[in-house]
There are 2 protein chains.
Amino acid sequence: MTDSEHYQKLKLELRRGVLILAVLAELREEHYGYSLRKNLMTKGLEIDEGTLYPLIRRLEKQALLTSEWREEGNRKKRFYRLSEIGEKTLEKLTKDWQQVESTLNNILQ
Amino acid sequence: MTDSEHYQKLKLELRRGVLILAVLAELREEHYGYSLRKNLMTKGLEIDEGTLYPLIRRLEKQALLTSEWREEGNRKKRFYRLSEIGEKTLEKLTKDWQQVESTLNNILQ
DNA sequence: TTTTATACTGTATGGCAAATAGTATGTGTG
DNA sequence: CACACATACTATTTGCCATACAGTATAAAA
C-alpha cells in the first residue's frame, strides 16, 4: 500500500464514528433516504448510498429510528425519524462527542 | 443486545478514529508503550493495551513511526516517535479533524 | 422516441480494526 | 515473600464501513 492510500484509510477512520451521530442528529426531523443524504452532503458530509442505507438499517434494528412507507409527489418513499430511544441516545452521544472533542483538542495542541 | 449495550457500541465507534490521531500527536515526543498509555489516560483518553499495541504496530508498519529498543532505568523498553512521514500525516489529519469537527457541530446544532 | 440524467432504494461481501481476554516477566516495597 | 505496579505483546471475536452490484421510476433533452 502506498503512503497516500494509508492516509486515506486513516482519514476514513476519522469520519467513521461521526457518521452515526450525524445521521441521528439529522433525523430529529423526518427524512427519506435520498433527502437525508443530500442534506448531509450540503452540510459537508459526503456519504455513499451503500454506506448510508445499511447504517440506517442498523439504527432502525436498534430501535433508534422508526420508518414508514408513504407516498409523496407521486412516489413511494421510506421516511425515517428518531424514536424516543433515539432521542435519548442522541443526547448522550452528543455529550460524549463534546468530551471526545475537548480531549482530542487538548492532546493535539 | 440491550439498549445500553447498543449505546456503548456507538460510543466506542465515536472514539475510534480519534485514537489514531491522539497517538500520532502524542508521539511527537518520544514515548514507550506504557508511558504513552498513561499519558493518554491522564489527558482523558482511555485506551486498552490490547488496542494500543496493535495500533502502534500498524502505524509503524505504515512508516509513520520509528521504534528503538533501549535500556532505561534498568529496563529495556521500546521507544517510539513520529517519523517524518508521520509528521506530515499528522498535519494533514489534524486539518481533516478540524473539518470533521466543524461539519459535525454544524449538523448537531 | 430513444437516450440520458437523476431520484430513489436497496444487498452481498471483503477487509480492517477495536475490544476482549489472555500470556509473560521484571521490579519495588511493605 | 506477597502483592501491586510496570512493561510488552498476541489470538480471537465481532462489528461495520466501503466498494461494487443491482435494480425501479420519472423527467428532460436530443
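Basis for what follows: all heavy atoms, side chains included, without hydrogens, waters or symmetry-related copies.
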Atom CD of B/E5: over 12 foreign heavy atoms under 6.0 Å | yes
Could you tell me whether a side-chain N or O of B/S35 sits under 3.5 Å from a main-chain N or O of B/H31, the two making a donor and an acceptor?
-> no
With B/E60, which residues qualify under salt bridge (charged side-chain N to carboxylate O under 4.0 Å, His left out), at least two apart?
-> B/R57
Partner set under salt bridge (charged side-chain N to carboxylate O under 4.0 Å, His left out) for A/E71, not counting sequence neighbours | none
Closest approach of B/N105 and A/W97, non-hydrogen atoms and distance?
-> OD1-NE1, 3.1 Å
Which residues, if any, of residues 2-29 of chain B bring a heavy atom under 4.0 Å of DNA chain D?
-> B/K9, B/E13
Grouping ILVMFWY residues whenever side-chain heavy atoms fall under 4.5 Å, the cluster of A/Y32 otherwise contains A/Y34, A/F79
Please find the earliest and latest nucleotides of DNA chain C, in the 5' to 3' direction, that have an atom within less than 4.0 Å of any heavy atom of chain B.
-> C/dA17 to C/dT27
Output side-chain donor-acceptor pairs under 3.5 Å for residues 18-26 of chain A, partner residues at least two apart or in another chain, one line each.
from, atom 1, to, atom 2, distance (Å)
A/E26, OE1, A/K43, NZ, 3.4
A/E26, OE2, A/K43, NZ, 3.3

Provide the full list of side chain to side chain donor-acceptor pair (under 3.5 Å) pairs with a residue in residues 81-95 of chain A, sequence neighbours left out, each pair given once.
-> none
Terminal helix-axis angle for the helix from C/dT1-D/dA30 to C/dG30-D/dC1, with five pairs defining each axis and rounding to 10 degrees | 20°
A/T51 versus A/P54, closest heavy-atom pair with distance = O-CD, 3.6 Å
Starting from the C-alpha separation in whole Å, work towards a yes-or-no answer on side chain to side chain contact (heavy atoms under 4.5 Å, CB included) for B/L36 and B/Y80.
-> CA-CA 9 Å; B/L36 173 57; B/Y80 304 90; 5.6 Å; no
With B/Q109, which residues qualify under side-chain hydrogen bond (donor to acceptor under 3.5 Å, both in side chains), at least two apart?
-> none
Can you check nucleotides 4-7 of chain D for protein contacts, nitrogen or oxygen pairs under 3.5 Å, and list what you find?
from, atom 1, to, atom 2, distance (Å)
D/dA6, OP2, B/Y34, OH, 2.6
D/dA6, O5', B/Y34, OH, 3.2
D/dA6, N3, B/R75, NH1, 3.4
D/dT7, OP1, B/Y32, OH, 3.2
D/dT7, OP1, B/K77, NZ, 3.2
D/dT7, OP2, B/Y32, OH, 3.1

Could you tell me whether A/F79 contacts a base, only the sugar-phosphate backbone, or nothing, with contacts defined as non-hydrogen atoms closer than 4.0 Å?
-> nothing
Any sub-3.5 Å donor-acceptor pair from B/R15's side-chain atoms to B/I47's backbone N or O?
-> no
Once you round it to whole Å, what is the distance between C1' of D/dA8 and CG of B/L36?
-> 13 Å
Using heavy atoms and a sub-4.0 Å distance, could you list which residues of residues 90-105 of chain B are near DNA chain C? By number, please.
-> none
For B/R37, salt bridge (charged side-chain N to carboxylate O under 4.0 Å, His left out) partners two or more places apart = B/E49
Might you confirm whether atom CD of A/E68 has over 12 heavy atoms from other residues, nucleotides or ligands at distances under 6.0 Å?
-> yes
Shortest non-hydrogen contact from B/L82 toward B/L90 = CD1-CD2, 3.8 Å
